[in-house]
*Asks:* 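I'd like to ask some things about the structure below.
Numbering of ligands and ligand atoms starts at 1, following listing order.
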Amino acid sequence: MDRVETLEAEGRRALGAATTTAELRAVELAFLGKQGGLRALMKDIGGLPADQRPAFGQRVNAACAALQAELDAKFAEFKAKERAEQFERERLDITMPGYRRRTGNLHVLQQTADRIKEVFSGLGFEYLESPELEEFAYNFSALNYPADHPAMDEQDTFYVEDDLLLRTQCTALQGHVFETRKPPFRIFTIGRCFRNEAVDRTHGHTFHQVDVFMVDEGIGMAHLKGTLGHFARTLLGSDVKLRFRPDFFPFVEPGVDYAVSSPRFQNGRWLELGGAGLIHPNILERYGIDTERYSGFAFGLGVERIPMLKYGVDDLRHFLDNDLRFLEQFRG
Ligand code: FA5
């Protein structure tokens with residue numbers, strides 16, 4: 001009976017000293033577990049005289065129950081305190097502003113190219129790609145440039161070999177198509193072009209062009225004007241006016257340059273977009289196309305011109321400088 005009392009008192013002291021639920025569990029194990037001090041006393045019961053056994057058993061059970069009750073009460077108290085501390089530590093202020101996730105956006109030239117694709121696809125034109133590293137033959141000879149013609153000087157470029165150059169114009173696609181297809185066809189391409197230029201606000205050594213052409217029966221300047229007009233108004237606004245003036249390109253006859261104007265752009269000044277014309281009969285005949293039956297138009301323009309007009313960008317070099325402060329303005 002003395003052992004019971006001593007152990008019970010020790011248990012109480014240990015309980016009193018515990019400050020966490022983990023320490024309480026340790027006390028529980030030491031005094032009330034199966035191998036624990038108090039409860040293990042029950043094993044001694046067999047060594048007692050039979051008449052003392054009930055009293056001893058009751059005493060041990062009472063001590064265990066009392067200690068367990070005290071422990072449970074403390075446990076509940078500590079647990080609540082620890083929970084409260086944990087919640088405090090992990091508190092989330094859901095009213096705090098969140099972190100803004102940085103999202104990318106398509107480059108403004110890509111956005112423009114996508115829009116151009118929509119417009120010409122909508123008119124039944126097929127999109128084709130054409131090589132940036134091009135043969136002299138496709139960039140010039142196939143387009144009716146006579147050998148050593150001065151028109152080639154305007155389009156000096158970077159030569160990789162004598163006959164291999166970085167294309168100066170997307171019109172180089174024409175020869176590839178004429179070789180492999182029979183009219184009627186409506187084709188367009190968009191891509192990078194290169195020229196050995198004195199670089200300034202409106203001229204880069206690297207820039208982009210759209211080139212569009214169609215061959216069918218009875219195609220004339222009216223089709224060219226209608227197509228270009230629709231394109232310009234869709235991309236730049238319905239108030240845009242178009243002006244055509246005679247110009248020379250070896251691969252068209254007649255040839256024109258064209259400009260757009262709107263009170264919204266530079267006080268209504270005429271701003272040149274590109275060149276156009278009816279495909280030169282020499283070219284069609286070279287590829288065995290019957291010019292009595294078929295004719296075609298072609299036009300090309302600089303992709304950069306579109307966002308320059310639309311957003312008032314004053315220097316085309318911004319497009320390829322990759323300055324995010326510039327590019328992030330065009331979120332599309
Ligand atoms: C051509 O390149 C002809 N291939 C266009 C054409 C196609 C005419 C079909 C007739 C039929 P040009 O050299 O003018 O033409 O260039 C056309 C447009 O490309 C220019 O109006 C301009 O918008 C753009 N461009 C030309 N050179 C540069 C450059 N260095 N930097 C930026 N844009 C340029």
*Asks:* If you measure every N or O of Arg195 against every N or O of ligand 1, does any of those distances drop under 3.5 Å?
*Replies:* yes
*Asks:* Number the atoms of ligand 1 from 1 as they appear, then name those within less than 4.0 Å of a heavy atom of Thr202, with their elements.
*Replies:* 31 (N), 32 (C)
*Asks:* If I apply the N/O under 3.5 Å rule, does Glu304 come out as touching ligand 1?
*Replies:* no
*Asks:* Considering residues, nucleotides and ligands other than Glu154, do more than 12 of their heavy atoms fall under 6.0 Å from its CD?
*Replies:* no
*Asks:* Can you list the atoms of ligand 1 that are under 4.0 Å from a heavy atom of Asp211?
*Replies:* 7 (C)
*Asks:* For atom 15 (O) of ligand 1, which protein heavy atom lies nearest, and how many Å away is it?
*Replies:* Phe249 CE2, 3.3 Å
*Asks:* Hey, would you say the Phe326 and Phe319 ring centroids sit under 6.0 Å apart?
*Replies:* yes
*Asks:* Just need the protein heavy atom nearest to atom 25 (N) of ligand 1, so name the residue and atom and give the distance.
*Replies:* Phe207 CE1, 3.5 Å
*Asks:* What residue and atom, counting heavy atoms only, is the protein's closest point to atom 19 (O) of ligand 1, and at what distance?
*Replies:* Gln209 NE2, 3.1 Å
*Asks:* What are the atoms of ligand 1, with element, lying closer than 4.0 Å to any heavy atom of Gly274?
*Replies:* 21 (O)
*Asks:* Output every pair passing salt bridge (Lys or Arg N to Asp or Glu O under 4.0 Å) with a member in residues 164-175, not counting sequence neighbours, ordered by first then second residue.
*Replies:* none
*Asks:* I'd like to check the side chain to side chain contact (heavy atoms under 4.5 Å, CB included) partners of Arg245; sequence neighbours left out, ordered by chain and number.
*Replies:* Arg243, Asp257
*Asks:* Donor-acceptor pair, distance only, cut-off 3.5 Å: does the side chain of His203 make one with the backbone of Asp200?
*Replies:* no
*Asks:* A quick test of your reading: do over 12 heavy atoms of other residues, nucleotides or ligands sit less than 6.0 Å from CZ of Arg83?
*Replies:* no
*Asks:* Just jot down the ligand 1 atoms closer than 4.0 angstrom to any heavy atom of Gly300, in number order.
*Replies:* 6 (C), 7 (C), 9 (C)
*Asks:* Kindly say whether the aromatic ring centers of Phe297 and Phe213 come within a distance under 6.0 Å.
*Replies:* no
*Asks:* List the closest protein heavy-atom neighbour of atom 31 (N) of ligand 1: residue, atom name, distance to the nearest 0.1 Å.
*Replies:* Gly204 N, 3.0 Å
